[in-house]
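Just so it is clear: chains get the letters A, B, ... in the order the sequence lines come, proteins before strands, and each one is counted from 1.
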2 protein chains.
Amino acid sequence: MRKAPEERRQEIVAAAARIGLTEGLERITLRRVADDLGVRSGLVGHYFPTAEDLVTEAFTSAAAGELDALLPETAGDRSRGSAVRVLQNFLARLSGPVFDDVSRLWLNARHLSRYRPVLNEGVVRQELLWCRRVEQVIAAGVAQGSFRCEDPWEAAVRVIAVLDGVNSYTNTSAQQRSAPLIDMVRTFTEAELGLPRDALLPHGPAADGSDREPRPADR
Amino acid sequence: MRKAPEERRQEIVAAAARIGLTEGLERITLRRVADDLGVRSGLVGHYFPTAEDLVTEAFTSAAAGELDALLPETAGDRSRGSAVRVLQNFLARLSGPVFDDVSRLWLNARHLSRYRPVLNEGVVRQELLWCRRVEQVIAAGVAQGSFRCEDPWEAAVRVIAVLDGVNSYTNTSAQQRSAPLIDMVRTFTEAELGLPRDALLPHGPAADGSDREPRPADR
DNA sequence: AGGTCTATTGAGCGCGTGAACAATAATTCT
DNA sequence: AGAATTATTGTTCACGCGCTCAATAGACCT
């Protein structure tokens, strides 16, 4: 039962992140995490003297992990493939229902940040990290001659803003809005980067535009 | 001290709405509202046997009141002025810091809806109401020949989505994103409605395009 | 083997919450 | 005027929360 401090700590954060991602950050309590791990709540309190620190670390772990899955750190590196393909994959993954939990998590974290300054700091850091990662991909695409874009940073911020807007309704009226919003992030990104329509469709045209796949227009 | 039931009920909802708008919906508790009104918590519980109903009604009151202030019900009526002017005023009011509380409220409500089914229903109703109100203005503008737009409903949903996206960061990194986002809602709306650049600037060009006011381009 | 360190326990405190309910006082009806 | 109604009070309950802390027990070192 007794484990090395570092291992136990990671175990606690992992359990907390799982709870935060699937059930909400306010469900991360000392007792709840302890129960999931089969230990006493006092132990969790031993590793995280203030609960807010645990919540913050749990969110950071979940958000950073998801970003790495969506846009690996080396995604901007041109040796890993064209920026167009990277964005295609990125946008494709956003549509899946698995991303709903992530949307909920961001909504959760952004609201909870209103009351929790430590969490607030962590959320801001992750928000900027996500934008910066997208910015790198856009900058790489501009360098490759695939995108036309004055300011990659501003484009990235705007694309993420549309993404967050579309995902605002996961808990509420997502169903009623699906038709107008289903392709909005991709369409907006294409316009922002000076790309032809449907250029960012998954498995659509690559940088050379060779394998174009027809699709009905959505607007 | 003793008041007519209807009056007392409205008083309670008004107090709860004020708390929800300024301090957050989870600060609406029986005791808190009772304290603000100088009564006992049992009384509030008498009017709202379950607290969730009070929170829901408080949110509904605040959201509906704000919508009426932003886009009066008759805004779509062409007798009240051009749709262009109505949208100009609407967009102008969104920029003010007074709207920050409203953004926070929406964020709050959308997250809390994850756990509270009754609130969820109320939030969905308000979300659709806001979209429908914008849709009416757009439809009026199309009828006036001011806008070019295939589907007013879809356009409204998309405009509101961008609005919600931009306002997602009021609690967190709003400061760091201000530059790329400051005019994004207006710019997107102009594009969505087939309007020339800056056509929706406050006190900008009316439908006839007579009183155009120069402004530096923002993109 | 004995001693030291510390991960882990177990129990408890104070707080704020939603909810319940009998008692009370003001209003209204007959 | 008297009775019925009900708005309002005052109190209490059980719950889950973060947090504290002395006691325990497992691991490592000499």
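- OP1 or OP2 of D/dT8 has at least one side-chain nitrogen or oxygen of B/Tyr47 nearer than 4.0 Å.
- When atom types are taken as modelled, the side chain of B/Ser173 and the backbone of B/Tyr169 share no donor-acceptor pair closer than 3.5 angstrom.
- Using a distance-only test at 3.5 Å, with no hydrogens or angles considered, no donor-acceptor pair links the side chain of A/Glu135 to the main chain of A/Pro152.
- Side-chain N or O atoms of B/Asp53 include none that pairs as donor or acceptor with a backbone N or O of B/Phe48 at under 3.5 Å.
- Going from atom CG of B/Leu43 over to atom C1' of D/dT6 covers 11 Å, rounded to whole Å.
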Atom pairs under 3.5 Å: protein N/O with N/O of nucleotides 24-30 of chain C:
unit_1: C/dA26; atom_1: N3; unit_2: B/Arg2; atom_2: NH1; d: 2.7

N/O to N/O distances under 3.5 Å, protein versus nucleotides 17-20 of chain D:
unit_1: D/dC17; atom_1: N4; unit_2: A/Arg31; atom_2: NH2; d: 3.3
unit_1: D/dG18; atom_1: OP2; unit_2: A/Leu30; atom_2: N; d: 3.3
unit_1: D/dG18; atom_1: N7; unit_2: A/Arg31; atom_2: NH1; d: 2.9
unit_1: D/dG18; atom_1: O6; unit_2: A/Arg31; atom_2: NH2; d: 2.9
unit_1: D/dC19; atom_1: OP2; unit_2: A/Pro49; atom_2: O; d: 3.4
unit_1: D/dC19; atom_1: OP2; unit_2: A/Ala51; atom_2: N; d: 2.7

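- Summarising the geometry, the separation between CG on B/Asp35 and C1' on C/dT17 is reported as 13 Å, rounded to the nearest angstrom.
- Contact annotation: B/His46 does not reach the phosphate of D/dT8 (side-chain N/O to OP1 or OP2, under 4.0 Å).
- A donor-acceptor pair under 3.5 Å is absent between the side-chain atoms of B/Asn171 and the main chain of A/Ser113, judged by distance alone.
- Computed from coordinates, the A/Ile19 CD1 to D/dG16 P distance equals 16 Å when rounded to whole Å.
- Contacts between residues 6-18 of chain A and DNA chain D, defined by a heavy-atom separation under 4.0 Å, are absent.
- Remark: side-chain polar atoms of B/Glu52 are paired, donor with acceptor, to backbone N or O of B/Val118 under 3.5 angstrom.
- A/Gln88 and A/Arg85 form a side-chain donor-acceptor contact under 3.5 Å, judged by distance and modelled atom types alone.
- Partners of A/Glu57 under the salt bridge (Lys or Arg N to Asp or Glu O under 4.0 Å) rule, at least two apart in sequence or in another chain, are A/Arg9.
- In terms of heavy atoms, B/Arg27 sits closest to A/Tyr115 at NH2-CD2, 3.5 Å.
- The distance between atom NZ of A/Lys3 and atom P of C/dT9, rounded to the nearest whole Å, is 11 Å.
- The salt bridge (charged side-chain N to carboxylate O under 4.0 Å, His left out) contacts involving residues 169-180 of chain A comprise A/Arg177-B/Glu127, where partners must be two or more places apart or lie in separate chains.
- With sequence neighbours excluded, no residue forms a side chain to side chain donor-acceptor pair (under 3.5 Å) with B/Arg116.
- When atom types are taken as modelled, the side chain of B/Asp101 and the backbone of B/Thr22 share no donor-acceptor pair closer than 3.5 angstrom.
- The CZ atom of B/Arg40 sits 15 Å away from the C1' atom of C/dA23 (whole-angstrom rounding).
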